[in-house]
There are 2 protein chains.
Amino acid sequence: MNLEDIARFSGVSRSTVSRVINNDPHVSDKTRENVLKIIAEHNYAPNIAARALVTKRTHVIGIYISNVIGDLFSDPYFSTLLQAIVTRANEQDFDVMLWLKGQETSIEHFHQRILDNRMTDGLVLSSTSRYDTLPQALLQRNRTFVLNGRPWCDEEHMNYVDATNQHGAQQAVEHLARMGHKRIATITGRLDLISGYDRLIGYRQAIEHLELPFEDSLVIEGDFTEISGYIGMRKLISEKPDAVFIASDHMAIGALRAIRESGLQVPDDIALVGFDDMSFATMTSPQLTTVRQPVQRQGILATEGLIGLLEGSITPPYQVSLPTQLVIRESCGFPA
Amino acid sequence: MNLEDIARFSGVSRSTVSRVINNDPHVSDKTRENVLKIIAEHNYAPNIAARALVTKRTHVIGIYISNVIGDLFSDPYFSTLLQAIVTRANEQDFDVMLWLKGQETSIEHFHQRILDNRMTDGLVLSSTSRYDTLPQALLQRNRTFVLNGRPWCDEEHMNYVDATNQHGAQQAVEHLARMGHKRIATITGRLDLISGYDRLIGYRQAIEHLELPFEDSLVIEGDFTEISGYIGMRKLISEKPDAVFIASDHMAIGALRAIRESGLQVPDDIALVGFDDMSFATMTSPQLTTVRQPVQRQGILATEGLIGLLEGSITPPYQVSLPTQLVIRESCGFPA
DNA sequence: ATAAGGCTTGGGAGCGCTCCCAAAAGAACA
DNA sequence: TGTTCTTTTGGGAGCGCTCCCAAGCCTTAT
C-alpha cells in the first residue's frame, strides 16, 4: 500500500495524495475529504524511509546517556529526564531513539554507532564525561545536538541546558553554616561530570567565602551512586564533621544508612544536605534538606531547544541555565 | 557523500562499494581493502533511509512501556528492563526507539503514533494493561512484537516473555505460613497488569491450599507505587494481620514506612514479603524478604526473541516463562 | 466572447541504496 | 591455443516518497 495505490483508489494523482498527507492548502476540500476517507479505510501510513530519503529529515531525535553505572541508572534522575524528553518530543511529533552507554560497552564502537546512525535529526547528550569525545566529534561533523549540563570546553559554540549547580551548592553550605555548623564536609559526585564538578566548586567557594576551615580530609569523592554515599560517609565519620553537603540525594540515602549504622543521629550529630530533591527525599527519616533542580524542565527545554534548532526557529547557540533552589526540611538541623 | 562518490574515489562501481559495505564475499581482497580505506578517510556511512527503502528493514526495534505512572517510572524495574533491552539490541546491531505512555497522553493518539510508525522492524511491549488494545491492533496488522508478561488473551498466538508470578506469590505466602503466621494479608499490584493479577491469584491459591482464612478485608488493592504501599498498609494495620505479602518491593518500602510510623515492628508485629528483589531490598531495615524475578533476563530474552523472530531464526510463537525465586532475609520473621 | 488571473491537479525527476543479470577478467584444463 | 568454468565487477531498475514545473480548470473582468 503506497501513495500510488491510494491515488488510484481515490481517483486522483500521487501528488494530490501527497498534498493531503502533508496538509498542503492547495487541495480542494472535496478532494481532501475523499482522499482522507480512503487513507483511513486502508490504514495507510506513508513510508517513512522513502520520505526521509528525499526530505533528509526523519523526525527522530536521539538521546545518549553515558553515565549508566552498575545495575543501570537506578538513580531516578535519568528516568525523570528520559520521560520528560520522550513526552515532549512526542508532543512535537518527534520519535525518540535511545542509546545507553554501560561500563562494559566499548566506547569507540559505541561512538561509531551513534556517529554512523543517520536516522536521527539531532541528539540530546546527558551526563557526558569530561573525557568523552563524542561532543567534539559531533561538532566536527556538523550534527545538531544539545547537551544536558554545560560543556567542558568550547562553551561558546555548544548548545546546552544546565542548572545552577555551583550556586545551589553554595546555598546548601551557607545554610548549614547559618544553622551553626562549622566543620562542614562534602561527598562529591563524579568529578568528570560537570554537575559533580560544579557542586564541588560551589562548596569550595562557600567555605572560602564563609572563612570556614578547608581541609582535604573533609572532601570525599563519590560517584553519585547510593553505595558511594554509604562508603563516603563511613570514611567521613572519623573526621567528626558537624555537617555534610552531599552532591546527590541518592548518595544521601547511603550516607544516612552509614550514619544510622554507626549509632549517630541526623541532624543532631551530623547534619545533612543533599542535592536533586528526588521524590524519596521526603520519605527518609529525617526528611532530607536538599537543593532542588528542575530535572523535568531540563528535559523539556533540551528537547524544545533541539527541535527549535532543527527547525530553524532557534539560532545557535541555545544556552539555558535553570535555577536551583534550597528546600529546607529536617536533616540540616534547626536554628539554635 | 554517497555510494557513488565512494565508488568514484576508489575507482570501482557503486555495486562493488555496496558489496564491501555489506560484507559480500564476492569482492577481491585488494578491492575491499582499498574501498574500506576510502570509506574511512571520508567518514562515510550509508544512508539508512535509502537502504531501508529497498530492504524494508531498518534494524530498529521499538519499546513501548505503558505503565508510566505519576512522576515517571520511579520504580527501577523499568530502568533495569530498559537497559537490558537497549544493551542487548545494540549488541545485535539494532537500535532502539522508545515510547512511554504517561497517564496524560491520549491513548488513541499514542497508539496511532506507534501503528503508523513504520520505522521499527518490531516491538517489545511492557506492562500492557488488560484494556490496552495495542497488541490486538498490532496482531491484526501482522506486526512482529514480543510482550513482556503473558498476554491477557489469544495466548496461543502471542509472543511473550513472562515470569512465574503465580508460583512466586505462592512460595511467598507458603513461607510466611511456615514461619507460623496465620492471618496473612496482601497488598496487590495493579490488577489490570498481568503481573499484578497473577500475584494475587498465587496468593489466593496458597491461602486456599493452606486452608487459611480468606477475608476480603485482607486484600488491599495497590498499584505498584510506593505511595500505594504506604496507603495500603495504613488501611491494613487495623485488620491486625500477622503478615503481609506485598506485590512489589517498591510498595513494600511504603508499607515499611507506614508500619514504622504506627510504632509497630517488622517482623515481630507484622512480617513482610515483597516481590522483585530490587537492589534496595537489602538496604532497608530489616532487610526485605522477597521473590526475585530475573528482570534483566526478561529484557534480554524479549530482545533476542524479537530479533530472532524478525530474522526468521525463531518460528512463532516464542513463549518463555522464567522462574522466580524466594529470597529469605529478615522481614518475614524467623522460625519459632 | 475573450483575456487574464487564481485554484487545483498531474507527472517527471531524483533522493541513495539493493538486487539482479550480464559482462569482463582470470584460472584451469584439454 | 582455445574452451570452459569460476570469480569479480558493472550498470539498470526500482523501492515510495517530495519537489517542481507545467497544464488544466474555473472565475472574474474587460
Side-chain angles (χ1 to χ4, degrees), chain A residues 1-39 42-60 93 95 116-121 141 310-312, chain B residues 1-39 42-60 93 95 116-121 141 310-312:
Chain A
M1 186 62 51
N2 59 25
L3 265 193
E4 207 84 47
D5 294 328
I6 298 295
R8 196 151 6 87
F9 289 136
S10 40
V12 296
S13 74
R14 176 169 39 89
S15 304
T16 301
V17 179
S18 173
R19 286 189 190 96
V20 170
I21 287 171
N22 294 291
N23 272 315
D24 186 312
H26 301 287
V27 184
S28 72
D29 291 350
K30 217 183 82 211
T31 311
R32 158 164 290 123
E33 204 171 313
N34 184 35
V35 171
L36 284 175
K37 204 186 75 202
I38 304 281
I39 288 176
H42 292 79
N43 272 330
Y44 167 76
N47 181 316
I48 307 284
R51 176 182 283 167
L53 181 57
V54 28
T55 61
K56 280 137 180 33
R57 290 242 161 274
T58 57
H59 259 244
V60 176
D93 204 31
D95 288 312
D116 284 354
N117 184 296
R118 310 300 330 253
M119 203 170 270
T120 54
D121 292 341
R141 289 169 200 221
L310 289 170
E311 296 186 335
Chain B
M1 186 64 48
N2 60 23
L3 265 194
E4 207 85 47
D5 294 328
I6 298 295
R8 197 154 0 91
F9 289 136
S10 40
V12 295
S13 75
R14 176 169 40 86
S15 305
T16 301
V17 178
S18 174
R19 286 188 190 96
V20 170
I21 288 171
N22 295 292
N23 271 316
D24 187 312
H26 301 286
V27 184
S28 73
D29 292 350
K30 217 183 83 211
T31 310
R32 158 164 290 122
E33 204 172 312
N34 183 34
V35 170
L36 284 175
K37 205 186 76 201
I38 303 280
I39 288 175
H42 292 79
N43 272 330
Y44 167 76
N47 181 317
I48 308 284
R51 174 182 284 169
L53 181 57
V54 31
T55 61
K56 280 140 181 33
R57 289 242 161 273
T58 56
H59 259 242
V60 176
D93 204 32
D95 288 312
D116 285 354
N117 184 296
R118 309 302 327 253
M119 203 171 271
T120 53
D121 292 342
R141 289 168 201 223
L310 290 171
E311 296 185 335

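In this text, all values refer to a predicted model and were calculated from it rather than measured experimentally.
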Under the side chain to side chain donor-acceptor pair (under 3.5 Å) test, which residues partner A:Thr120, sequence neighbours left out?
none

Using whole Å, report how far CG of B:Asp24 lies from P of D:dT7.
13 Å

So do B:His59 and B:Arg51 actually touch side chain to side chain, heavy atoms under 4.5 Å?
no

Separation of C:dA25 atom C1' from B:Lys30 atom NZ, nearest Å, is 12 Å

Axial bend angle, the helix from C:dA1-D:dT30 to C:dA30-D:dT1: five-pair end segments, nearest 10°
50°

So, do A:Arg57 and A:Leu310 sit near enough that their side-chain heavy atoms are less than 4.5 Å apart?
yes

Side-chain donor/acceptor of A:Ser10 to backbone N/O of A:Ile6, under 3.5 Å:
yes

Please name all residues satisfying side chain to side chain donor-acceptor pair (under 3.5 Å) with A:Arg19, sequence neighbours left out, ordered by chain then number.
none

Residues that A:Thr55 engages under side chain to side chain donor-acceptor pair (under 3.5 Å), provided they are two or more places apart
none

Can you list the residues that meet the side chain to side chain donor-acceptor pair (under 3.5 Å) rule with B:Asn2, with sequence neighbours excluded?
none

Readout for nucleotides 16-26 of chain D: B = base within 4.0 Å of protein heavy atom, S = sugar-phosphate only, - = neither; 5' to 3' it is BBBBB------

Are B:Thr31 and D:dT9 close enough that a side-chain N or O sits under 4.0 Å from OP1 or OP2?
yes

Within the side chain of B:Thr58, is there an N or O that forms a donor-acceptor pair under 3.5 Å with the backbone of B:Met119?
yes

Separation of C:dC15 atom C1' from B:Ile48 atom CD1, nearest Å, is 15 Å

